[in-house]
Amino acid sequence: MSAPLVAPDSPFGDWDGTPAGARLLQLELAERVVLQDDFPVLRLIAGVDVGFEEGGSITRAAAVLLDADTLEPLAERLVRIPTSMPYIPGLLSFRELPAVLCALAELPRVPDLVFCDGQGIAHPRRLGIAAHLGVASGLPTIGVAKKILVGTHAELGSKRGDQVPLMYRGDVLGTVLRSKDGVRPLIVSPGHRVSLASAPGLVMACVTHYRLPEPTRLADRLASRRAGYSPPA
DNA sequence: GCGACAG
DNA sequence: ATCTTGTCGC
């Protein structure tokens, strides 16, 4: 048998490398997103996030595996890869996904659900990095962003747990969620194999004493190489 | 044409 | 995201 000539399984298939091509690919991949809950068991949750070194030339992706019930970290992995694309609003996954997939693959076990820093379907073409990660990995994912990319929403209460739908062009694309009293709300949207209705609850179940849920909070600490422990108990 | 714009 | 000390506020 002949050895495969070329088959570098890029997470972007046959992308031509241009921003225009990336947008077209997003439209195709968005059709594969499943917005129904599909995770029979929920024992392991992973959190992923990205950071940079050397003024941006090196991309650092962190993946943390936690026990879904106790939220105790079971394992964490960090990968460093040369940055291949600049940040372009709406095309974030093309810059960060390669590194994220590597870090996720390094985990000792496959998670039942993945929390990703950034938007899920709350995106111009319904394919934020969390949704793209879900379609690319096949895993259930939820996007947990700190800011809105697109969409508007009604006024939000100031107490922990308060939430209002994020609207965009007549559709509900996510939930603006107050994870703690008085803090800036989180923008939660389904990535893949998770419904719009259950995403907020899944995120709140992972919030302890901080604004960010444990999965992405720990991954964020690792990716941004910020040390620090978690005092209050 | 003029802004807005995840990380 | 990242560059960076102290400072205002709950």
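Computed over heavy atoms, backbone and side chain alike; hydrogens, waters and symmetry mates excluded. Letters go in sequence order (proteins before strands), and every chain restarts at 1.
Atom CD in Q119(A) sits about 12 Å away from atom P in dC5(B), given to the nearest Å. At whole-Å resolution of the value, CE in M85(A) and C1' in dG7(B) are 12 Å apart. R23(A) has its CZ atom 12 Å from the C1' atom of dC5(B), to the nearest Å. Following rounding to the nearest Å, R95(A) (CZ) and dC5(B) (C1') show an atom-to-atom distance of 15 Å. Atom CG in L97(A) sits about 13 Å away from atom C1' in dG7(B), given to the nearest Å. When rounded to the nearest whole Å, the span between CZ of F94(A) and P of dG7(B) equals 18 Å. The separation between Y87(A) atom OH and dG7(B) atom C1' is 6 Å, rounded to whole Å. Atom pair I121(A):CD1 and dA6(B):C1' shows a separation of 15 Å (rounding to whole Å applied).
Within a 6.0 Å sphere centred on CG of D14(A), other residues, nucleotides and ligands contribute 12 heavy atoms or fewer. Around CZ of R109(A), the count of heavy atoms belonging to other residues, nucleotides or ligands within 6.0 Å does not exceed 12.
Of all heavy-atom pairs spanning S198(A) and D37(A), the tightest one is OG-OD1, 2.5 Å. Residues T141(A) and A130(A) come closest through the heavy atom pair OG1-O, 2.7 Å. Contact record, P215(A) with C206(A): CD-CB, 3.7 Å, taken as the closest heavy-atom pair.
Side-chain contact between P19(A) and L91(A) is present, with at least one heavy-atom pair separated by less than 4.5 Å. Two residues are said to be in side-chain contact when any heavy atoms from C-beta on lie closer than 4.5 Å; L173(A) and M167(A) fail this criterion. The side-chain heavy atoms of L127(A) and V33(A), taken from C-beta on, include a pair separated by under 4.5 Å.
When each of I45(A), L44(A), L139(A) is paired with D112(A), the side-chain contact (heavy atoms from CB on, under 4.5 Å) condition holds for L44(A) and for no other.
Using the six-membered ring where Trp is involved, F94(A) and F12(A) have ring planes that are parallel, under 30° apart on the 30 and 60° scheme.
Using modelled atom types, one finds a donor on one side chain and an acceptor on the other under 3.5 Å when comparing T59(A) with T83(A).
Counting non-hydrogen atoms under 4.0 angstrom, F52(A) reaches the backbone sugars and phosphates but no base. Across all strands, G55(A) comes closer than 4.0 Å to no nucleic acid atom at all (heavy-atom distances). Among the atoms of the strands shown, only primed sugar atoms or phosphate atoms (P, OP1, OP2) are found under 4.0 Å from some heavy atom of G51(A). Among the atoms of the strands shown, base atoms are found under 4.0 Å from some heavy atom of L91(A).
Taken together, the pairs of DNA chain B form no segment extending over three or more consecutive Watson-Crick or G-U pairs closer than 3.5 Å at both contacts.
Here the two rings, on Y168(A) and H123(A), have centers that are 6.0 Å apart or farther.
Contacts between chain A and DNA chain C, taken as any atom within less than 4.0 angstrom of a protein heavy atom, begin and end at dA1(C) to dT2(C).
Non-hydrogen atoms lying under 4.0 Å from DNA chain B are contributed by A145(A), K146(A), K147(A), I148(A), L149(A), all within residues 132-149 of chain A.
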